[in-house]
Amino acid sequence: MIQVYNTMDGHKVEFVPRDAGKVSMYVCGPTVYNYIHLGNARPIVVFDTIRRYFKYAGYDVTYVQNFTDVDDKIINRAQEEQSTASAVAEKYIAAYFEDVRALNVLKADVHPRVTEHMPQIIALVEQLLARGAAYEVNGDVYFAVENFQDYGKLSGRDLEDMLAGARVRVGEQKRNPMDFALWKAAKPGEPSWQSPWGEGRPGWHIECSVMSKEYLGDNFDIHGGGADLIFPHHENEIAQAEAASGCTFARYWLHNGFITVNDEKMSKSLGNFFLLREILEKFPGDVVRFYLLNTHYRSPIDFDDEKLQIAAKSLGRIRNAYLLLQELAEQPEASDASADAAMRRATETLRCCFAEAMDDDFNTALAIAAIFDYTKAINTYARQAEAATLADGLQLMEALDEVIACIKPQPAAGIGANDEMIGRLMDLIIEVRQQARQKKDWGTADYIRDALKDCGIALEDGADAVRWKLI
RNA sequence: GGCGCCAUAGCCAAGCGGUAAGGCAGAGGCCUGCAAAGCCUUUAUUCUCCAGUUCGAUUCUGGAUGGCGCCUCCA
């Protein structure tokens, strides 16, 4: 049984999908007016991992993540870059895929864009008008929050409280200060679309209500995003969708915590953000992914370089064990009944603990701890385990890495094609060095090892064999 | 002002009613030509503080203190 923390309930609940065996997920994607920063990367990695775990658990997953490609910020950016809104959007969508690929994030089944769903958006606005849930003023259309009884149910606030302390700019046209735009009349020079209310463009929230329904239907399973989207974005999505359909919009609302810098939220307005691509210049993507998954998705994570260095080192420990397991699975060394049994037990323990941890609201930190326990078992017992046991273990590790997606080393750029050649050269170098070692010519042996290290290759003189790996 | 979250070893971080996982760093040992990797031992009588409930609380309740977030675009 999978339990998820549902923001709507404020506690963990059993996850029961709308359709048995299937999971429908919608995750709010970026507004594409800039490169993404680390804070933006967290939900992408977190929900990618959740999606992957559902697959691991045997569900058939449909995963949708949108791009907001029409928005004030994009329009402003287009002016700054002396470009057009759609060119800006294209540019940053391409950059998004580049950045996120480094983090081993799978593509969504659908990446819908706002600009490609205008007819559906207009239809929903018309429906809301027809139902009296919205009203039109001079080409703008607003959602009337007072007419929606459940307004505030996700964020746990009521209209009166919000109005009391609201820093709401006085919207001359709005009947209630909390009303929000479904459709905005076009200003000169802005991208716009023809509608029953004249030229204009959609408000921010309407797109997600429309596109989730388009690809997942009403009452889909999981809606995810950063905790800062709870209000007003998700609250407003619910209001629009439910006022129109009359049924529950999303069944479970999952929200990730923030990345902080010196305990303050990383955000554009504070200027304390780090672009993902800057970080990726210093650390590999799998290390960044591992760092993000080492903390439960709802807790805050404080960012600094040292934490990534620690993550790199920790991940290295897991990876070493994985590589050893892989090597032994191909070529078992010896067999000892009790070691083999211990190894077998460790594999089953990992299988259980991993699932148990992930079933409990995707506790990746605990799941990773189980993998650390397993690395110890590999290092201790794998050399005396039988081929079948090792194959089982390796198969499990690979299956788990389909979920956390950071253990298997990324093929180093440029090496892949010449794997065999490099392997032969390394055999040669190691052979020469071994000859030096036999003659106790430590100077030459150490020189070769140091020189290789400078090339990014580490040598380890094991009792049985010399191993090399890229660092 | 309203709503909410968090406080666990030097650092990071799980656990959330039954007597403190895991990682990093540190100390000692084994292995090694030296390294590296790895293994073993060790590092919180205690979970911010004060009350309460309980046979028993880090875990539940109330309060205090400290930190953070949302209420405006934000992942």
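All chains are named by letter (A, B, ...) in the order of the sequence lines, taking the proteins before the strands, and each is independently numbered beginning at 1.
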**Separation of the P atoms in B/rA7 and B/rA14, to the nearest angstrom** = 9 Å
**Face-to-face stacking of A/W442 with B/rG33, centres under 5.5 angstrom, angle under 30°** = yes
**Prompt:** Is the ring centre of A/Y26 less than 6.0 Å from the ring centre of A/H223?
**Reply:** yes
**Request:** Could you tell me the separation between the CG atom of A/D71 and the P atom of B/rA75, rounded to a whole number of Å?
**Result:** 10 Å
**Message:** Ring of A/Y5, cation from A/R298 - is the NZ or CZ under 6.0 Å from the centre and inside 45° of the axis?
**Reply:** yes
**Message:** Within the 4.0 Å heavy-atom criterion, would you say A/T31 contacts the bases, only the backbone, or no part of the nucleic acid?
**Reply:** nothing
**Message:** What contact category does A/D228 fall into here, base, sugar-phosphate, or nothing, at under 4.0 angstrom with non-hydrogen atoms?
**Reply:** base
**Asked** Which is true for A/G10 with a 4.0 Å heavy-atom rule: it touches a base, it touches only sugar-phosphate, or it touches nothing?
**Response** nothing
**Request:** Give A/N363 one of three labels, base, sugar-phosphate or nothing, depending on what nucleic acid heavy atoms sit under 4.0 Å from its own.
**Result:** sugar-phosphate
**Request:** Pick base, sugar-phosphate or nothing for A/H296, based on heavy-atom distances below 4.0 Å to the nucleic acid.
**Result:** sugar-phosphate
**Prompt:** Side chains of A/I378 and A/M343: does their closest heavy-atom pair fall under 4.5 Å?
**Reply:** yes
**Item:** Nearest-Å distance for atom pair CZ/C1', residues A/F354 and B/rG22
**Value:** 15 Å
**Request:** Classify the nucleic acid contact of A/N40 as base, sugar-phosphate or nothing, counting any heavy atom under 4.0 Å across all strands shown.
**Result:** base
**Request:** For B/rU19 and B/rC11, measure between their C1' atoms and round to the nearest Å.
**Result:** 26 Å
**Prompt:** Reckon A/I44 touches a base, only the sugar-phosphate, or nothing at all at heavy-atom distances under 4.0 Å?
**Reply:** nothing
**Message:** Just to be sure I understand the rule, does A/R77 reach a base, reach only the sugar-phosphate, or reach nothing, if contact means heavy atoms closer than 4.0 Å?
**Reply:** nothing
**Fill in**
Here the distance between atom C1' of B/rC71 and atom CG of A/L159, to the nearest Å, is 12 Å
**Message:** Using the C1' atom as the point on both nucleotides, what is the distance between B/rG22 and B/rG62, in whole Å?
**Reply:** 34 Å
**Request:** Would you classify A/I310 as touching base, sugar-phosphate or nothing, given that sugar-phosphate means primed atoms plus P, OP1 and OP2, and contacts are heavy atoms under 4.0 Å?
**Result:** sugar-phosphate
**Message:** For a quick check of understanding: with a heavy-atom distance under 4.0 Å over all strands, which category does A/I259 fall into, base, sugar-phosphate or nothing?
**Reply:** base
**Fill in**
Considering only heavy side-chain atoms of A/A365, the closest of B/rA13, B/rC73, B/rC71 is B/rA13
**Request:** Could you check whether A/R437 gets within reach of a base, just the sugar-phosphate, or nothing at all, counting any heavy atom under 4.0 Å?
**Result:** base
**Prompt:** Once you round it to whole Å, what is the distance between P of B/rA75 and CZ of A/F303?
**Reply:** 17 Å
**Asked** Any side-chain N or O of A/K265 under 4.0 Å from OP1/OP2 of B/rC70?
**Response** yes
**Prompt:** Can a side chain N or O of A/R317 be found less than 4.0 Å away from OP1 or OP2 on B/rC39?
**Reply:** yes
**Prompt:** Among B/rA75, B/rC68, B/rG22, which is the nearest nucleotide to the side chain of A/N256?
**Reply:** B/rA75
**Request:** Please measure how far the P atom in B/rG4 lies from the corresponding atom in B/rG63, and state the result in whole Å.
**Result:** 13 Å
**Message:** Over 60° means perpendicular and under 30° means parallel, so tell me whether A/Y291 and A/F303 are parallel, tilted or perpendicular.
**Reply:** perpendicular
**Item:** Selection from B/rC24, B/rG15, B/rC39 that lies nearest to any side-chain heavy atom of A/D360
**Value:** B/rG15
**Between A/Y35 and A/Y92, ring centroids under 6.0 Å** = yes
**Message:** Before we go on, tell me: are the rings of A/H234 and A/H205 under 6.0 Å apart, centre to centre?
**Reply:** no
**Prompt:** Out of B/rC73, B/rC39, B/rA14, which has the shortest distance to the side chain of A/K73?
**Reply:** B/rC73
**Message:** What's A/G39 touching, base or sugar-phosphate or nothing? Going by heavy atoms closer than 4.0 Å.
**Reply:** base
**Request:** Can you tell me, in whole Å, how much space there is between the C1' of B/rC16 and that of B/rC6?
**Result:** 14 Å
**Per A/E460 side chain, nearest of listed nucleotides B/rC73, B/rC34, B/rA36** = B/rA36
**Message:** Starting the side chain at C-beta, find the nucleotide from B/rC34, B/rA75, B/rC73 nearest to A/P43.
**Reply:** B/rA75
**Length of the line joining A/L400:CG and B/rG22:P, which is rounded to integer Å** = 19 Å
**Asked** Does a side-chain N-to-carboxylate-O contact under 4.0 Å join A/D69 and A/R113?
**Response** no
**Request:** Just do the side chain to side chain donor-acceptor pair (under 3.5 Å) check on A/K469 and A/N320 with the steps written out, would you?
**Result:** CA-CA 9 Å; A/K469 66 182 180 194; A/N320 282 341; 2.6 Å; yes
**Request:** For B/rU46 and B/rU8, measure between their C1' atoms and round to the nearest Å.
**Result:** 9 Å
**Message:** Can you see if the side chain of A/T375 gets near the phosphate of B/rG23 - specifically, an N or O under 4.0 Å from OP1 or OP2?
**Reply:** no
**Message:** For the aromatic rings, using the six-membered ring if either is Trp, is the centroid distance between A/F354 and A/Y56 under 6.0 Å?
**Reply:** yes
**Item:** Test: A/R467 and A/E327 ion pair at under 4.0 Å
**Value:** yes
**Message:** Regarding A/S299, tell me which of base, sugar-phosphate or nothing describes its non-hydrogen contacts under 4.0 Å with the strands shown.
**Reply:** sugar-phosphate
**Item:** Nearest listed nucleotide, side chain of A/M266, among B/rG2, B/rA75, B/rG33
**Value:** B/rA75
**Prompt:** Distance between the C1' atoms of B/rA37 and B/rC47, in whole angstroms?
**Reply:** 35 Å
**Request:** Would you tell me if any nitrogen or oxygen in the side chain of A/N294 comes within less than 4.0 Å of OP1 or OP2 on B/rG22?
**Result:** no
**Asked** Dot-bracket, RNA chain B: Watson-Crick or G-U, under 3.5 angstrom, [ ] crossing, | other strand?
**Response** (((((((..(((.....[...))).(((((.......))))).....(((((..]....))))))))))))....
**Prompt:** Donor-acceptor pair under 3.5 Å: do we get one between A/R298's side chain and the base of B/rC6?
**Reply:** no
**Candidate nucleotides B/rC73, B/rC24, B/rA35, ranked by approach to the side chain of A/S314 - the nearest** = B/rC24
**Asked** Is it true that A/R449 and A/D446 have a side-chain N and a carboxylate O under 4.0 angstrom from each other?
**Response** yes
**Request:** Whole angstrom is fine here: how far is it from NZ in A/K376 over to C1' in B/rC39?
**Result:** 9 Å
**Asked** Rounding to a whole Å, what distance do you find between A/L324:CG and B/rA36:C1'?
**Response** 14 Å
**Request:** Between B/rC12, B/rA75, B/rC34, spot the one nearest the side chain of A/K307, thanks.
**Result:** B/rC12
**Message:** Using whole Å, what does the distance between atom P of nucleotide B/rC70 and atom CG of A/N236 come to?
**Reply:** 17 Å
**Message:** Quick check: A/Y96 with A/F67 (ring centres under 6.0 Å apart)?
**Reply:** yes
**Prompt:** Nearest to the side chain of A/N379, which nucleotide is it out of B/rA75, B/rC39, B/rA13?
**Reply:** B/rC39
**Asked** How far does the C1' atom of B/rU61 sit from the matching atom of B/rU53, given to the nearest Å?
**Response** 7 Å
